[in-house]
Amino acid sequence: MSLAAQIKHATYTALLELFPGADIAETSITVNQTKPEFKGDYTIVLFPFVKLLRMKPDELGNKLGAALLSTSTLFDSYEIVSGFLNMTVNDNFWSGLLQENFNNEHFGEQATTGKNVMVEYSSPNTNKPLHFGHMRNIFLGYAMAGVLKRTGNNVVKANLINDRGIHICKSMIAWQRYANGATPETANEKGDHLVGDYYVKFNDAYKQEIKELVAGGMDEATAEKEAPIMKEAQEMLRKWEAGEPEVYQLWQTMNGWVYKGFDATYKRMGIDFDKMYYESDTYLLGKSIVEEGLKKGVLFKKDDGSVWIDLTDEGLDQKLLLRGDGTSVYITQDLGTAKLKYNDFKLDQSIYVIADEQNYHMQVLKLILKKLGEPCADGIFHLSYGMVELPTGRMKSREGTVVDADDMIDEMISLAQQQTEAAGKTEGFTTEELATLYETIGLGALKFYLLRVDPKKKMIFNPQESIDLHGFTATFIQYAHARICSILRKEGLPKLPAKETFASFTLTLPVTPAEKKLAVTLEQYPDIMNDAANEHNPSLLCNYSFQLAQQFNSFYDEHSISKAENEEKKQLRLMLIIMTAQTLRHAMQVLGIRLPEKM
RNA sequence: GGUCCGGUAGCUCAGCUGGAUAGAGCAUCAGCCUUCUAAGCUGGUGGUCAUUGGUUCGAAUCCAAUCCGGAUCACCA
C-alpha cells in the first residue's frame with residue numbers, strides 16, 4: 001500500500017477511535033503532498049470533519065495529530081496551518097524504503113491479476129508507408145501494453161492489418177499502369193514507399209481524368225464515378241473478391257513489399273506484436289453474427305434486403321450492417337473480428353488504440369455487440385487519441401503534407417548526432433557505440449514527444465520543438481540516468497548492487513530536504529503506474545519521470561555522493577541514486593525508451 | 001442541426017474523483033563549471049484558468065447557459 005493510502009487509512013482509524021459513532025467514510029479523507037512552503041510531507045485536510053464533528057480546525061487537528069503520533073510509527077511530528085494538518089513522516093520510513101527497494105527491478109509493478117488483455121495498435125493500410133500520425137498510435141499502444149503488463153495483466157499486442165479493399169486496388173492499378181514492372185529492388189526503394197508512390201500516382205491520374213471529363217462537358221459528380229482509372233480499381237476489387245489468380249498474385253506481391261517495409265520501420269522503432277490479424281482473413285466474418293441478430297429480432301431488414309440496427313433509443317442513428325446485396329460493410333467485419341479476438345485469447349479486456357475521429361464508430365460497435373448479447377462486448381475499450389496536426393492544420397496524405405515515419409526517424413537520429421558532436425561529447429566511444437547512442441537519443445526524443453501529452457488531446461506537431469533536446473524531453477531523463485551510471489562506475493558498483501552492499505547502513509543523521517524529496521517521489525512510483533493503467537494514460541509516466549529526473553539534478557547539484565560528508569550519507573545517497581536510476585529505466589522501458597549509461 | 005471532445009503564461013502542456021499564494025518546459029532576463037557529466041542547476045519576468053451565473057466553509061476543478069475551435073452523424077474504411 002502506498003504511503004498516502006496508509007496515511008489515509010491511519011487517519012480513518014484514528015478518527016473512528018476519537019469519535020465513535022461519527023459518520024465518517026474513508027473516501028471523504030483527503031491526503032495530499034504538503035506544499036513545499038510548509039513543514040511536513042503529507043497533509044490531511046481537516047475541513048470536511050470540522051462541520052461534521054462541530055469542532056474548530058485547530059482543536060480537531062491537535063486531537064487527530066496527537067492520535068496519529070501515538071498509534072502509528074509513521075510520523076515524527078505534526079503542524080496545523082489554517083485547517084490543514086501537516087504530518088512529517090519519520091526519516092526511518094524513507095531509509096527503510098530505500099533499503100528495502102533500492103535494487104528492486106520490479107518496483108512499481110503489481111501482482112498478477114490473471115486477466116487477459118489485448119491491445120490493438122498500429123493497424124495500418126497496406127497502400128502507403130507509416131507516417132507521423134501512425135507513430136502516435138504505435139507508441140501509445142506499445143506503451144499502454146507495457147503499462148498493463150506491469151500492472152499484472154497477460155497482454156497480447158495485436159496488429160490488425162488492413163490489407164484489402166479499394167484503396168489497395170488503387171495502388172495496384174497505378175502500379176500496373178505506370179511502374180513498368182518496378183520492384184523495390186529495381187527501384188532501390190523501400191517497398192512500402194514504392195507502393196505508396198503509386199497510391200499517390202493513382203490520385204494524380206484520377207484527378208487528371210476527372211478534369212478531362214469535366215472539360216468534355218460532364219458534371220463533376222458523374223466524372224468522379226466515370227473516370228476510367230476508378231472503374232478499373234473497382235473492377236480489380238471485384239476480381240480480387242472473386243479470387244482471380246492474376247490479381248491475387250499481384251496483391252500478394254505488392255503487400256509482401258509493404259510488409260517488408262513495415263517490418264523494417266517497426267524494428268527501428270523497437271516495436272513488436274504478438275498477434276497479427278489480416279482483414280483479408282476477417283472481412284467475411286460477422287455475417288453470421290448478423291444472421292443471428294436477425295433471428296433474435298435485434299436487427300431488422302429493409303425492403304431492399306439490407307440489414308439495420310435501430311439505435312435511436314440510445315440517442316444514435318440507424319446503422320447499416322449488411323448491404324442489400326448481402327455484402328458486408330466495415331462494421332460488419334469489426335463485429336466478427338471482435339468476436340474472433342475474444343475467442344482466440346479469452347479476453348477480459350480488448351483495447352482498441354484508434355484516433356478520436358472514430359469515436360462514434362467504436363461506440364456503435366460496442367453497443368451492437370451488447371445488444372446482440374455477445375460476451376465480447378463488455379471488454380471493449382476504445383483508447384481514443386487526438387489526431388496529430390501540423391501548425392498549418394491537419395496532415396493529408398493526398399495533399400502530400402504528411403510527415404513520413406522513416407524520414408522523421410532519420411531526422412531525429414541525425415539531429416542527435418549533430419547535438420552530440422556540437423557539445424563535444426563523442427570522446428571515449430567507438431563508432432558503433434556512437435551510432436547506438438544517436439539512435440537511443442533520437443528515437444527517445446521522438447517517442448517522448450508523442451507520449452508526453454494526454455492521449456485524449458489532439459496535439460500539434462511543431463517540428464522546431466520536437467527536435468529540442470532540452471527541458472521536458474527524453475534526453476533530459478537519459479542525461480540524469482547517464483550521470484548516475486557515471487557515479488556508480490567510479491564507485492565500482494553495478495547498476496543494481498546486491499542488498500548486502502549496504503547491509504551495514506543505519507540511519508542516525510537527519511535526512512536533508514533534497515534527499516527526502518527524491519525518496520518521496522520514488523515512493524509514489526507504484527501509484528503512478530497504477531494510475532497510468534486505470535486512466536489508460538502513459539503520459540503520466542512521462543510527467544513522473546521528468547519530475548524525478550529534475551529532482552535528481554537538483555539533488556546532484558546540492559549534494560556530493562562520492563565525497564559525501566561521511567560514510568552514512570554516502571551509503572544513503574548511493575541507495576537513492578541507484579533506485580532513481582532503476583525507476584527511470586523501468587518507467588522508460590515501459591514506454592519503449594532506452595536510457596544510455598554514458599552520453 | 002444532434003451527439004461527443006477541447007479552451008489554463010507569448011508558445012507547448014501539467015493540474016480537473018473540489019482544498020493552502022494555479023505549476024512545468026520552451027522563449028526571455030540575471031547568476032553558477034579548479035569539485036561525481038553545464039544535454040545541468042539557482043533566481044527574475046510572464047495568468048481575467050474562454051465568458052456569465054449557480055452549488056460550497058472553499059471552484060481552474062462540480063452544475064447550467066453562452067462564445068470559440070475540432071471530430072462525427074455514408075450501402076467509405
Side-chain angles (χ1 to χ4, degrees), chain A residues 27 30 32 34-35 37-38 43-48 50-51 57 81-84 86 125 162 164-168 279 283 302 304-308 314-325 327-331 333-334 355-361 363-364 384 386-387 389 391 393-394 416 419-420 422-423 425 441 445 449 452-454 456-462 464-466 468-473 475-480 482-491 539-540 542-543 546-547 549-550 552-564 573 577 598-599:
Chain A
T27 49
T30 307
N32 293 326
T34 303
K35 301 268 174 205
E37 52 269 37
F38 301 103
T43 295
I44 300 157
V45 183
L46 297 170
F47 296 111
V50 167
K51 207 178 193 180
V81 183
S82 57
F84 296 93
N86 299 331
N125 294 350
N162 191 334
R164 62 160 287 281
I166 189 73
H167 48 292
I168 313 296
E279 268 188 25
Y283 82 107
K302 287 196 178 172
D304 63 356
S306 57
V307 180
W308 296 74
E314 323 281 338
L316 306 173
D317 301 309
Q318 292 192 349
K319 184 88 185 169
L320 175 93
L321 296 185
L322 272 186
R323 293 191 184 101
D325 62 6
T327 56
S328 46
V329 289
Y330 185 54
I331 200 148
Q333 55 183 288
D334 269 1
D356 60 9
E357 60 181 356
Q358 294 201 41
N359 283 354
Y360 181 75
H361 174 84
Q363 194 189 349
V364 169
S384 165
M387 311 273 281
E389 293 178 13
R394 275 180 78 165
Q419 300 248 356
T420 307
K425 296 191 176 236
I441 295 172
Y449 182 77
R452 69 184 196 178
V453 287
D454 187 331
K456 283 199 299 290
K457 297 196 173 177
K458 74 172 180 196
M459 64 178 293
I460 295 178
F461 167 59
N462 183 335
Q464 287 281 309
E465 193 186 276
S466 70
D468 195 349
L469 304 183
H470 301 270
F472 186 27
T473 62
T475 315
F476 184 95
I477 292 160
Q478 289 169 328
Y479 185 64
R483 279 176 143 184
I484 294 173
C485 290
S486 172
I487 296 169
L488 296 179
R489 268 196 304 276
K490 290 192 174 156
E491 289 296 321
S539 78
L540 298 179
C542 293
N543 285 307
F546 177 67
Q547 187 197 329
Q550 212 173 25
F552 163 75
N553 280 330
S554 298
F555 164 87
Y556 175 90
D557 203 60
E558 200 169 323
H559 296 308
S560 179
I561 293 123
S562 301
K563 292 177 190 152
R573 290 175 191 166
I577 66 167
K598 231 167 59 168
M599 68 187 281

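Predicted model, so just to flag it, every value in this text is computed and none were measured. Per chain, numbering begins at 1; letters A, B, ... match sequence-line order.
Here B:C62 sits opposite B:G54 as a Watson-Crick or G-U wobble pair (both hydrogen-bonding atom distances under 3.5 Å). Searching all strands for a Watson-Crick or G-U wobble partner of B:U37 with both distances below 3.5 Å returns nothing. B:G1: Watson-Crick or G-U partner is B:C73, with both key distances under 3.5 Å.
Nucleic acid contact class of A:K490 (heavy atoms, under 4.0 Å, all strands): sugar-phosphate only. Nucleic acid contact for A:G324: base, since at least one base atom lies under 4.0 Å from a heavy atom of the residue. Nucleic acid contact class of A:L316 (heavy atoms, under 4.0 Å, all strands): none. As judged by a 4.0 angstrom heavy-atom cut-off over every strand, A:N125 is placed among residues making no nucleic acid contact. At the heavy-atom level, A:Q550 lies under 4.0 Å from the strands shown only through sugar-phosphate atoms. Within 4.0 Å of A:T27, counting heavy atoms only, lies no atom of the nucleic acid at all. Within 4.0 Å of A:F476, counting heavy atoms only, lie sugar-phosphate atoms of the nucleic acid but no base atom. Across all strands, A:N162 comes closer than 4.0 Å only to sugar-phosphate atoms, never to a base (heavy-atom distances). Among the atoms of the strands shown, none is found under 4.0 Å from any heavy atom of A:D334. When heavy atoms are screened at a 4.0 angstrom cut-off, A:V453 is found touching the sugar-phosphate backbone but no base atom. Here A:M387 lies out of heavy-atom contact (under 4.0 Å) with every strand.
By the stacking rule of 5.5 Å between ring centres and under 30° between planes, A:F84 stacks on the base of B:A20. Ring-base stacking between A:F47 and B:G58 is not satisfied when judged by a centre separation under 5.5 Å and a plane angle under 30°. With its ring centre under 5.5 Å from that of the base six-membered ring and a plane angle below 30°, A:F38 counts as stacked on B:A20.
In this structure, the side chain of A:R323 does not engage the main chain of A:V329 through any donor-acceptor pair within 3.5 Å. The backbone N or O of A:Q358 sits nowhere less than 3.5 Å from a side-chain atom of A:S384 that would complete a donor-acceptor pair.
Across B:C32 and B:A38, the matching C1' atoms stand 9 Å from one another, rounded to whole Å. With P as the reference atom, B:G18 and B:G69 are 32 Å apart, rounded to whole Å. The P atoms of B:C63 and B:U17 are separated by 10 Å, rounded to the nearest whole Å. Look at the C1' atom in both B:A27 and B:A74: the space between them is 46 Å, to the nearest Å. Nucleotides B:G46 and B:G7 are separated by 25 Å at their P atoms, to the nearest Å. A distance of about 14 Å separates the P atoms of B:A22 and B:U61, rounded to the whole Å. Between B:U56 and B:U72, the distance separating the two P atoms is 41 Å to the nearest Å. Rounded to a whole angstrom, the distance from the C1' atom of B:G25 to that of B:U8 is 15 Å.
OP1 or OP2 of B:G6 has not a single side-chain nitrogen or oxygen of A:K456 nearer than 4.0 Å. One finds no side-chain N or O of A:Y283 lying less than 4.0 angstrom from the OP1 or OP2 phosphate oxygen of B:A77.
Distance CD1/A:I561 to OH/A:Y556: 7.0 Å, rounded to 0.5 Å.
Using the six-membered ring where Trp is involved, A:F546 and A:F476 have ring planes that are tilted, between 30° and 60° apart.
In this structure, the nucleotide among B:U56, B:U37, B:A24 sitting nearest to the side chain of A:K51 is B:U56.
Glycosidic conformation, B:C33: syn, with the torsion inside 90° of 0.
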Next item on the list: Show your reasoning for whether side-chain contact (heavy atoms from CB on, under 4.5 Å) applies to A:K598 and A:C485.
Entry: CA-CA 7 Å; A:K598 231 167 59 168; A:C485 290; over 6 Å; no
Next item on the list: Show your reasoning for whether side-chain contact (heavy atoms from CB on, under 4.5 Å) applies to A:Y360 and A:D317.
Entry: CA-CA 10 Å; A:Y360 181 75; A:D317 301 309; 3.3 Å; yes
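Cation-pi contact between A:R483 and A:F552: absent, since separation from the ring centre below 6.0 Å together with deviation from the ring axis within 45° is not met.
With RNA chain B read from its 5' end, the first of the two nearest nucleotides for A:R164 and A:K457 is the one closest to A:K457. Projected onto RNA chain B by closest heavy-atom contact, A:S306 and A:D557 fall at different nucleotides, the more 5' of which corresponds to A:D557.
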